[in-house]
Every structure is written in C-alpha cells, then in structure tokens.
Amino acid sequence: MVPTEYYVMLSALLFTIGVTGVLTRRNALVVFMSVELMLNSANLALVAFSRRWNHVDGQILTFFVITVAAAEVAVGLALLVGIFRTRRTTNVDEVNTMRG
Amino acid sequence: MEELLFTLIPAIIVLPLIGALINMFAIRDGRRAGLIASAACVASFVVGLTAFILLAGLPHEERTHVDVTLWQWIDAGPLQVPFGFLFDPLSAVMVLLITGVGSLIHVFSIGYMAHDARPVRYFVYLNLFVAAMLILVLANNYLLLFLGWEGVGLCSYLLIGHSFERKEARYASMKAFVMNRIGDFGLMLAILALFQRFGSLNYGVIFPRAGELVGQQIDWVLGPTAVASAIAFCMLIGVTGKSAQIPLWTWLPDAMAGPTPASALIHAATMVTSGVYLIVRSHAIFILTPSVSNTTVYIGVATAFIAASIAIGQYDIKRVLAFSTVSQLGFMVAAAGMGAYTAAIFHLLTHGVFKALLFLGAGSVIHGAHDVQDMRRMGGLRTAMPATFWTYLAGTAALAGIFPMAGFWSKDEIVGSAFHGTRFGTYPVVGTILIITAALTAFYMTRQVSLVFLGRQRDTSYHAHESEGIMTIPLWILAAGSLIVGLINIPGFYFLEHWLEPVFEVAHAVGEPLPFSFTLAIITVALALGAAFIAYQVYANRQWKKTFRDPLTRYLGVFFEGFEHRWYADDVYEAMFVRPFKATASFLSRIFDPMGIDGLVNGAARLVGLGGRGYRVLQTGYIRSYTLVFLMGVVAVLGYFGFATVR
Amino acid sequence: MNFLLSVIVWLPLLGALILLFAPGISDHAAKRVALIWSLVVFAASLPLIPGFGFFDPSRAQLQLIERVPWIGAFGVDYHLAVDGISLWLVLLTTFLTPIVILSTFDSVNTRVRAFEAFMLALQTGMLGVLLAQDLFLFYIFWEFTLVPMYFLIGIWGGSRRIYATVKFFLYTFAASVLMLLAIIALYVLWGANSFSLPDMLNAMRTGQFTLDQNLARWLFLAFFAAFAVKVPLWPFHSWLPDAHTEAPTAGSVILAGVLLKLGGYGFIRFNLQLFPEASRFFAPAIGVLAVIGIIYGAWIAYAQTDIKKLVAYSSVSHLGFVMLGIFALNPIGLHGAILQMVNHGLSTGALFLVVGMIYERRHTRDINAFGGLWKVMPVYTFLSLLIVMSSIGLPALNGFVGEATIMFGAFSSPFLGWEFAAFGLLGVILAAVYLLWMFRRVMMGDVTEATAKLRDITRLELTMLVPLIALIILIGLYPAPFFRAMNESVTALANSIGPTLAAR
Amino acid sequence: MEFTPPQTDFATIGPPLVLVVWATILLLVDLFIGNKRTTAILALVGLAAAAAAAVPFYGQTPRISFAGMAILDDTAIAIDWILVLVTAITILFSIDYLKRQAIEMGEFYPVLLFTTAAMMMMGHGRNLIALFISLEWLSIGLYVLAGFAYPRIRSQEAAMKYLLYGAFAAGFLIYGIALIYGVTGTADLATIADQLRADQALRSSPVLLIGLGLLLIGFGYKISMVPFHMWTPDVYEGSPTPVSGYMSAATKAAGFAALLRVVDIAFPVDVLPVWQIMLAVLAALTMLVGNIAAVAQSNIKRMLAYSSVAHAGFILCALVAINVPGAVQSYLYYILAYALTNLGAFAVVIALEQAGEERFDIADLAGLGWRQPLLGAAMAIFMLSLAGVPPLAGFFAKWLVFQVAYQGGFWWLALIGLLSSVISAFYYLRIIVNMYMREPTEPARSFTTTPLLAGVALAALLVIVQGFLTNPVLNLVGQTVAAGR
C-alpha cells in the first residue's frame, strides 16, 4: 500500500503548482484553473487522510469541495464573460482601475 | 486707651483708601478730587499723630506690642498669615513722615495738577500710594509688608506712567516696575526662607527667635551664619531694588518722567525709603551676619558716591535731585549696614522732609517756567519766584549738610558712626568717602541753585511766574521742617534714639548714643561750604547761551562725560541683559518653539501621513501582487509556527 | 437631597439638548435661553458653598456621594462626589459658564444654537470630570470634554482653526489613551472588579492592593501623560497657543478657565493619591519641567505680537506654578495650587475676555495695531489693568495669594526646595515684563487714527467683567475661606503622601 | 444492524433555515412582483421571522445537532441577531440606491438573504466542514452582490478581484482543514480539542500547526486581517455601496464568529497557546496598517475600507485573549458596535452618492453638517464612535477589548491599539472637519429618503444608546458564553 505521506507530498506539490500558477499567469481563465488545482490537491490530501483514518469524513468533505469549486467557477465564468464584453480582455493585469 | 489705638491704626490706612475710592467712582472734577485726596491724607496724618501720642503714653516695654489683626489673610494649613498691623515706635515715625510729608505733597499737587489732563486719576494714585506705603510700614508680618512693598511699586508705576502719551513716561514706568520686581524677587525669597526656618512670618515670632539662625548650616555656603547671611542677602537684593542702590538703581532717575509732586512723594520721601526701613525692621537678622552687613555698607557707600558724581553732570533739574536721592539713600543704606540703625532712620526722616521740599520746589520752578526742566534754559528765576527760591535754598542747605539744617545732624551722625565704629567695627575709608560725597552734594546743589535761580534768564522764550499759594505754603512748611526736624535726634538729647530703643531691644541691637564730634562736624561743614563756594564761583553769574556745555568738561574730560551719561550704566544693562533677553525670546518664539518642540509634534503626524502614502504604493491594484503579499503572509505565519515547534 | 451633584452635572446637557431640538428658537432667543440655563446651573451649584449645609468643610472625605452600579459586569459605577479638592473648581466652572455665554452675545452670530449647545455640553463634561469618583466614569467625562471643544474651535475659530482644533484633539487624545491603559491596568491588577477610586485607595492603604514599585511608576507616567498635556506642562504645551489663538473668545475663556485646570486636578486626584511613592520619586523632575515652563512660557510670551498668543503662553507659565505647587507634595503647596487654579481661571479668563473685546472692535489682535486705549477707553483700561495686575501676581489681588502660597510650599517641600522657588520667582519677574510690555504697547501711548473712535466698555461687557474682578479682589484680600474649605481634604491627602516639611 | 437516523434538531439551525426557505420562496414570488419595494419589505419580514426563530432558545441550554455539526447557543443567537439587524438596515438603504443606480432587480434581496443565512451558519457551525461550506456559500453570494452593478467597470472589477482572491484563499483554507483532519482524524471542533488535550505530541506536531496557521489565514482573509487584507479597499470601493456596508458589517461578524468557534473550541488557549502571539502580532499589524493607510485616502469608501481593516485588528485584540473571563462578550460587543457604526457611515455615503461611476471624495462632504443636519450629526456620531470617543458605542467596545487584551497579558497590544486609535482619530476627524468646518464648494445634493433616514437615525441612536446600556448588551450577547466548549 502506498503510504499516506506520498499522497500528501503529491498533494503539496500540486498545491504549490497551483499557487505558482495564480501568481504567474495573467489570463483569468488560467488563474481559475490554477485555483482549481489548489482545491483538488486539497481533495487529494483529504481522500488520502480519509483512507488513513478509515472513515468517510474526508471524502464527504471532498464532495463538498468539488461542489463549491463548481459553483465558484460558474460565478467566475459569468463575471469573466461580463468583463470580456466590456473590456475585450481576460488579462487580470488590465483589471486595475482601483488601487492605492 | 489701647483699644482706641487698635481702632485708630486701621483708620490710618483706610482713610486714604476711602479717598481713593471716592475719587475713583464719584468725582470727575480735578480740583475737588485734589481736595478730597488731601483731606483724606491730612485726616490720616491727624489719626497717625493721635496714635503716636497715645503710643508715647504707653509704658516703654508695651510700645512694641500694639499689634492688631484685622482678619486671617492666608489660612493654608501650616501657612498662617494674618492681615494685621504693628504700631511700634519705628512704624509710628514712618507713619508720621509718610502722612505728614504726603499731605503737603497732596496739597501742593492741587495747584500743580490744575492743568493736567487727568487730575482725578492722579489723586487716586496718590492716595493709593500713601495707603500702600502705610501698609508697608504698619504690617506686622513680612507678607503683608510685601503687599505694601509691591503696592507702592504698582502706584509708582501708575504715577510715572501718568502721562503715558510721552514715550519716556511709558518706558520709565515699566522700567521702574520691572526693576522693582527684580528686587522683590530677593525679598520674596528671603520671606520664603524665613517661613521655612520659623514657620511663621510675624515679626513678633521671628525677631525674638532670630538668634536660632546662628549655627544653622546649608550645604552650599559654609559657616555658622550661612542661613542668616543668605536671608539677609536676599533682603538686600530687595533693598537695592526699592531703594535704588547698585545694581538696581537705574530706574529711579528715569522715574522722573512722572509728575513732579509724584516724584517728591515716591522718589524722595517715601517709597525709596522702604528699603532702608526693611533693613532697620529686620535688624535682628542683619546683626547676625557681619558679612552681609558689610556688603550693605559697601553697596550704600558706592551708590552714594557714584550717584553724587552723576548728579554733577546733569542738566535736568529733576534729574539732579533724583541722583541726589540715590546718593542720599546710599548714605542711609550704608548706615543701616553699619548697624547705625537710628542714624539711618534719622537721615531717612530728615531727608524725607528736605528732599520733598526740593522736589516740590523743583515742581514749582517747572510749573512757573511752563514745563521747562533743562537748567540751561533757566537762570535768574530768583526774582520771578522768590518764595520758591528761598525755600529751595533752605532745602539745599539741608541737603548739603550745612549747620544747623536737618541734613547736618543726620548726615553727621552717619559719618560719625563710620569713624566711631559700631558693633561691626569702624569704617574709616567708608567715612572718608562719605565726607567726600557730602562735599560733592554741596557742589552739585550749589551748581543747581546757581544755574536755576542766579544770574540772568538764559532762555527768554517763556515768562516765569511764582506759583500760587496752595503750592508755596507747603514749601514754607517744609522749609521750616528742614530746620526743625534735625532736632529730633540732636546730640545730647537723642530723642529718636530713645524713642526707637524698644524696637531694637528685642534683638539686643540697642546701640550707644554717638558722642558728638566737633572735629568731624567742622571738617564736614567746611568741606561742604568749600565745595559750595567753588560751585558758586564756577556757575553763578555767568553769561552762557542756553545750550552751553558745562565748564567742567574742560577740566574733567571723560570723567564728566561719565557723569553726564550716568557711567553708561543703562547702556551696559541694555547690552548685557535687555538685548540678549529679547534675542532669546525671539529665538524661542520663532525657531525653538515652532520648529523644535512643535516640530516634533507635527513631525510625528507627518510621519504617519508619510507612512500612509508609502503604503498606497504597495496597493498596486494588481490582483497578482495582492496574492503575492498573501503568500508572503502565509510564509511568515507558517514560519512562525515552524519556529514555535522547533523551539 | 442626595442628587444635587447629578443635577449640577446633567442640567447643562439637558439645556444643550433643548437648544438643539426645541423647535423655533431663534439665534437671539438661543443666547438668552443658554444664559438663563447656565445661571440656573450656577444657582444649583451655590448650595455647595460651605455654610449652606450641603458641603461640610470640616470633613476630609468625599461628600454628597451618589453611587449607582452601571456596568455591573465590569464593576463600573455611576459615582459622583465632591470634596475640598474639587469644590472650588466645580464652582469656578458653574460661575464662568454664564459669563462665557454672556460674552457670546456680541461675538457669536452664526450658528448660535449649536454654539450654545456645545458650550453647555462642555460644561457637563467638565463638571463630570471634577465630580466623578469612578475611574472609568472619570475617563468618559475626560474624553467627552474634547468633543464640544473640538467643534467650538473648529467651527467658530479663526483662519487656522482646523489645524488648531485637530491638533488640540489629537494631542490630548493621544495622551489620554495612555491614561486609559493605566486605568485598565489598575482595574486588572486590583482584581476587585471595580473602578471605584475611593475603594481602590482604601485597599491600597489597608494593604489589600499593593502595586509593584516599578509598575506604579509606569502607571504614574501614563496618568502623567494625560494630565501633563492638558495642563499643559512644558514641553507638552505646543497645542495650547494654537488652540487659544484660533478659538473664539468664549472658547479661549473656557479653555483657559476650566479645561486646563482639569489637568492639574487630575494630578492631585489621581497621580498623587494613587501613586504616592511614584509622586515622591518624580516630584523633582516634574518640578524642573514646571520651572522650565514658568520661565519658558514667560520668555516666549514676550516675543509675541498677537495678544491672544501672549496670553496663551502666559498660561503655560502660570500653570507651571500650579504644577510646582502640586508637586511640592505638602499641604501649603497643594492649597496654593488649587487656589491658583481658580485664580488662573478668573484672571486668564478675564484676560481673554478683555482681548476679545478689543478684537470685536478692531478685528485684529496685533499688538502693533493698538495704542492709547487708556485715553479712549478709560474704564476698559482700568479694568484691564486690574486683571493684568492680577495675572502679574500683585499682592492684594488673587494671583499673588496663589503664587505666594505655592512658593511657600515649594520652598519648604522636602522634594523640591529653595532652588525651585527661586527659579519660579524668576517667572514672576518675567510676568511683569511681558504683561506690562503688552500693556504699554496697547493701552499706553498716543491715540492713533484707528483707535480714536473706539467706544468704551459697554454695559454688557461690564457685566461680564465685574463678577470676575470682584472675585479677583475678594480672593486677593480674604482668601482664608477658600483655603479653609479645602483644608481638611488637602491636609489628609498630603499626609498620605509622606513627610510634608523639609527638615529645618 | 439497525439503522438509526441521527437525531436531527432543526432548531439548531433555525434562523438560517428560515432565511433559506424564505429566500427561495421570495426568489420565485419576486417574478410576479412589479414594485421591488414590496420585495424588500417581504425580505424584511423574512428577517424578522429568522430573528424570531431563535427567541425561544435564547438563554437556554445549548443544543447540538446534525452529528455535532451545528450548535445553537447564545453566542450563535447573538450573531444571528446582529446579522439580522445589519441585513435589515442594509435593505433599508438599498431600496432607493438600487433604483437610482438603475440596477433595481428583485434577485438582490433573495441573494442577500441567502448570504445572510450562510453567515449565520458560520456562527452555528461546530465542524470545520460546516464552517468551510458556510464560508464558501457566503463568498459566492458576496461575489454576486459585489458585481451586482455589473454595467459598471468598478463593480465588475471588484467582483473579479474578490472572486480570485477568495478562491485563492479558499485553497489555503481547505488545505489547512485537510492537514488538521490528517493529524487528528476529525473535523469536529470539540473533538480536535479533546485530541489535543489527550495527546502531548500532537500539540507540537508541525502538520497540525501548519494546518492551524492555514486555518487562521483562511478565515483571517475574510475579516481583512493584515497581510491578507489587500482585496478589501478595492472590493469596497467597487461594490455597490450598500453591499460594501453590508460586507464591512456582516461579513466581519460572520468571519469573527467562525474564528471564535475555531479558536475557542478547537484550540483553547489552555491547551495550545502558541497561536496567541502570532495572532497578537497580526492584530497589531492590522491595526497599524489599516489606520496608517486610511490616513492617506481621499475616497471615502476606500477610507472606510481601510478603517474596517483597522477595526478587524481591534476585534482581534479580544480574540487573542479569548480565554479571559468576559472576553467573548467583549468580542461580540465590539462586533455589534462596529457593525452598527460602520453601516451607518456607509448609509450616509449612500445618501450622498450620485448615479454612475463618480468617485466620492471626502472633500465632497463639505458643509454637509449644516445642509443636512440629521445626516451630518449622524455621520459625526459614527465617526466619533469609530474613533473611540466616549460616550459612544465605539469607545466602550475599545475599552472592553483592550481590557481583555491587557488581562490576557498583552498590554503591549492594548498600547498599540490605543495609539493606533489615535491615528484613526485623525482621519475620522477629517470627515467632521469637512462636514462642519468647511464651506461647501458646490450646490447641495443628496438623496435622502425616509427608509434611509430611518436607518441612519436608528443606527445613530443605537450607537449612542449601546454605550449607556453596556451592561444589558453585554448580558444579551453572552449569558451562556461559548457553551460549546
């Protein structure tokens, strides 16, 4: 059996990739994908822990996370469409009229 | 009988106060105000005289115990100060001098101030002045004395500044007040120390116990009399302020900017004598400390001599008298310092009379000469104002110490004390200087009389006239007084000496009556007459233009310039104190306060504002930079927890 | 009647609310209503004068106590009481307010209702500060006083009013929060779930509540910060000249008259009582600051050309005396300090009124713009002279009595000594210098064209000044009753601090 | 084996449940309502019903249900009521604002109610899963509300930034939950505490502590804790103003409720004090950064945003020492005082804001105090209360939290808090300066309506009264404090 630590390492790695993506990518869609990656890395960890403790709490939570992520994406895409309509861009760096 | 005395004593003070209040609120007419003021003062004199007689009727030992407390003034825990009066032989004679001479000056003023713009105000001040001076001499404790002490300072300020339209009056009034305040600083410090040592400020408590001061040490001055010396020295500062001694003497000559009768009252007969009075009153402390007493002597004698020298170089009729006052005060202070307290009081009384005479005479001259004060523009006024001339001559003789005028007796007693010696030893050098000063006095007074009354009128642009009776009568009375008043302590009888004895008994300061020395009398009179003769030769009957230079410039050169410019004392003070004071004030106000202290305050506020603006730069508006900061926060928080587990 | 103090405290606020919310009060009527209201408050406070049976001067303890639990969870009480320390300051406050409101009759013409309402609200704040015996309640009143004053300066002030009022608010606020921290600390350390000052003092005296020496000193400093800024003690004074210069006349009077006194009162009531050891420890240092303030304030006043600024700096100097008296830590000094606070309220309040009067006539306060007022306004000048002399400390007027008593206290204090008295006395000299200098420039001299037509004092103005001057003279000649009423409280306080007289 | 369904006590989530049901119905009913004011009134009714749902349980023994996921105690009820109050006032403010800004759509109110229900769940949650779901739920609602004025670029931008930032933060939160679950094997707050008590080694487990750190960050961003606050000014500025006010008051209340549950139940100070200092430092930073940054703002909404950051720091002072007796009451007291005051301040901004995208600067307030006496006075009261001037609610709140911090041993935190409230006074005073001490530069304009004025007056009155009634309010919010411990 693969030790739990391995899953956690992998999930941490995925999480880091996600964070890096958020930090470095300018396209809002890609940023969303990176966030999804972060959430899913957490899911991976949850499932792994769930197996380790031998009960389903973690897995239940995983389902909720997936749901939440979907809802978030729904709202996010709607917003993105709106922004694209008015500004013709999905570059997050161009969305900075408010600062200071 | 004592009860009568108890009611009379407050009345002495209250009467002039009532006069002042009536004039202040009810009277608008100058002449009527003058009459009311004079009546109040005369009434006060009469009451004072009655009280004096009653006091004389008391047994010898009881004369120092006429003490009446009106109410408790300050009642602050351990600090208990009554509003109370002590009528003892010393204050009794002072009361007579103040109210007596004061009354004559009041009367004189009615005529003199007839054409003044604000006569009512003047009489209010005059009455207040008398009241304050009476409080000063009648107080039974030091704090109440201080009330009178500052009160006369205020009144002198008001009187000097009476014609405030004139620049010199404005400046002189302020100078007088401030210099007096500097002196008051010393006196107040002495009072504080006395309270700390004795737990009371009443004369009746302090003087019998004054001896306890001997042996008390303070850490910064060694010696058994350290405390007594410190207290006495602080008092001496007060004395130099009020009695215009070196170094605080420069206000008095300037104070001549007030109306002339006011000068007579303030700067001749009463206010300036309060310093001498203070020393005599506090003799119980001064006799404990030879060092400060000697300092007092040296200050007095130096002032006497320097002021006399300056008087020689003045052209203003009042200014000569002013410096002569400073000089005579030097005599008194020196006498008081030597421990010749009776002599000091004696000279104080005689001087009060004849200096008032001289000032009023000068006032009469100025009045008659239509406000001319420069002696070079006078001359030959003898014919126009004979009454003034003759009375003035009597005053001059008295001041110059010519036998048998009052000044002869009193000055002789001071000089005699210096040579004969007192409890502190003999002062031959001091005595010699005093004799020389006396000669100088005769010189400048003769110079003045010659310039004013003798010869021909040099400036004929005005028509001099004799003053009216209301002004000349006081002059005659005072002239008579300058002859008689010398008799109160005439050798052989020593009335004053015996009268004051109870006062000095408390501190065992009663001195032996001074044996009269004919040699000394002859020498002083001869020197005075000689000096007067020289002055007469130099100044009388000369044909000069109205802007002439004094002939002495030829012989004395720079010295005379020194006389004329008062030894540059004012300039030195200006450069040493006034200008640095102003410069520092300006520095503090323009630079240190706004930029230093307030700069710190505003700087702190500015720093916050700067921080805020600096922060705005961080808030870039880029979501990616926000997430970066977020991540840095994550690293920091996790780093902390990592650190916490390792530890 | 055990709610006399509450009536005195809350009545003004009620008046303020009436002024704000009652419909149809014209500006004219608002002034009258405010005046009558403040006179009623004054009348209500008169029974406090010893001899009316309410205040017993022979008792050192707090009197007329009103105590109701308020925030029970944290032991905060509504707790008012008066003793000899606060008595005269309370009366000073109720006495000055009608005069100040009278002064607005001529000088305030815009937004009158709001002005009078703020003035009355301020009175509630000040009285609350003086009467509150619960630390927390005290702090509430203490901070509350800032608000009306902030508006008074900021709305009706001069050209730099905003800078001045924000500075005033922030400076005092910054210092006060330190006091709040100290109050919290005392509450926590004591652990009796109470903010009651008398109870806390009792616990300290009986040894139930002891403070670590070092901590007590820190707490002392926290209280010190709040009060030193308020007084203001040098070098925390720099808000004062600005606030005074920009404030409307009425604001200046109340600021100088009462608000600054709250600092001195705070020192006596809190610092001295709560931290006797720290008070002894810091007394010389504070004495030095006080003396510097005396001389510095006077010196800098001399260089001012704005009369109000001159008077403001004179306040810095005069309050230095108060501080000196307080930290003499002996009965004499405390007597003097408390009386001098009253005196300063009267004299400097009157000075600001007097300055306001010529400002109303000329719309300038530049000393150079005046001259010869003695000729055109003789009555005015005479009264001004009296006030100036009172401020200079002329004997027979009130200022001297206070200052002299303070000096006696400082000289014989085991914590200060003759040096402090000597340097303090230098300030007395300087007071004469700058005030007479001002008097010479403004009142003396020749009449200029600009001053020739000025009318002399009006009846209204006379009405303001006469009561002040009457008290100035009364206290100068017969201060004993004022001293006697505070004697017991002050002596008890001084005895609780330690040795009161230096070894002879 | 017989299946026994878990004992389900719906009362434990009564108020949010009522709101959810009501909001769902309202969403449908709204389709048939022409006048949106009616929808608003119906929403208010729903709120009243939600508040009423908790009344019978107030002061009773805490009830726990849904397998320990939900709790109904006085703290939760207090949070519910605060939220009801805040939402109700927000609705009052929104009615005319939406019309004026031409974004009047019926969905606004149901979404608001949904979001409020989610916030309530934060107070009722007793399990990390429940808290996470509530947090995401309310976030999604807020994203919608922030972008509600979607034709405006700023509103879009606000929603976008909020969404990206929020999702990013959610990632950290869920990862933290995963780690804690990983080491303790449970997401139940009370069980976590039991585990910690039982297992010495667990207390110093790096994984647990990292998880705890991520948890604090995940909730901390919601309450704008520095340095996780950077979304706040942009989102507050861009969102429709009633939403900004709602966020500043309600979201904070919900976030703090969740933090209180996590810290107080799962990681009590007596078991795991290690987070105290970290949170204290963050609180100090939050107070300082928020206040200093606010000093330099000229846009009033941005200024209020930074001020809300600063106030999060003040509230954290009480959380740091939550073990002290009375701390929870003080904490809730501050949340209430802050919510009322801040909401009122935003209301005044609403009254003055014109249609369109115009920025609203502090200078535009010039002369307001005299033109609009009621509005001006209310704003002055709000500002003074925020600055902590007695006798207003803000002062008592600050006193309470600083006292708690001092009692917990964090005297330096109280000192920093007090000093930074002095800094805050500077910019709050500037508003008053503009309203009362400067003359207006342009003709008067304001859009006051009865509901708005009523809301403002209510808030102002409560801000004044709360201080004097400190004792009853304290009792109200904390009769049986944190009974779920």
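Just so it is clear: chains get the letters A, B, ... in the order the sequence lines come, proteins before strands, and each one is counted from 1.
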If one checks every heavy atom of A/T67 against chain D at 4.5 Å, the contacting part turns out to be neither
With a 4.5 angstrom heavy-atom cut-off, which part of A/V22 approaches chain D: side chain, backbone, both or neither?
side chain
Under the salt bridge (charged side-chain N to carboxylate O under 4.0 Å, His left out) test against D/E237, which residue among D/K301, D/R302, D/K161 passes?
D/R302
For D/L163, is it the side chain, the backbone, both, or neither that has a heavy atom closer than 4.5 Å to a heavy atom of chain A?
side chain
Pick one of side chain, backbone, both or neither for A/R87, based on which atoms fall under 4.5 Å of a heavy atom in chain D.
side chain
Based on non-hydrogen pairs under 4.5 Å, which of D/T186, D/I177, D/V183 is most in contact with chain A?
D/V183
Checking A/A12 against chain D: side chain, backbone, both or neither under 4.5 Å from a heavy atom?
both
Between D/E157 and A/T97, is any side-chain donor less than 3.5 angstrom from a side-chain acceptor?
yes
Heavy-atom proximity to chain D below 4.5 Å, by part of A/V19
both
With a 4.5 angstrom heavy-atom cut-off, which part of D/F172 approaches chain A: side chain, backbone, both or neither?
both
Let me know if A/L37 has heavy atoms under 4.5 Å from chain D in its side chain, its backbone, both or neither.
neither
Does any backbone or side-chain atom of A/V95 lie under 4.5 Å from a heavy atom of chain D? Answer side chain, backbone, both or neither.
both
Is it the backbone or the side chain of A/S50 that comes under 4.5 Å from a heavy atom of chain D, or both, or neither?
both
Do D/S248 and D/S308 get their side chains close enough for a donor-acceptor pair, meaning under 3.5 Å?
no
Contact winner vs chain D - A/V35, A/L80, A/T62, heavy-atom pairs under 4.5 Å
A/V35
Assess the side chains of D/S239 and D/Y246: does a donor N or O sit below 3.5 Å from an acceptor N or O?
no
Between the side chains of D/D188 and D/R126, is the shortest nitrogen-to-carboxylate-oxygen separation below 4.0 Å, so that they form an ion pair?
yes
With distance as the sole criterion, is a donor-acceptor pair present between the side chains of D/Y162 and D/D234 under 3.5 Å?
no
Engaged part of A/T4 at the chain D interface, taking heavy atoms whose separation is under 4.5 Å:
neither
When the 4.5 angstrom heavy-atom criterion is applied to A/L46 and chain D, the contacting part is both
Based on non-hydrogen pairs under 4.5 Å, which of D/A293, D/A170, D/G185, D/G171 is most in contact with chain A?
D/G185
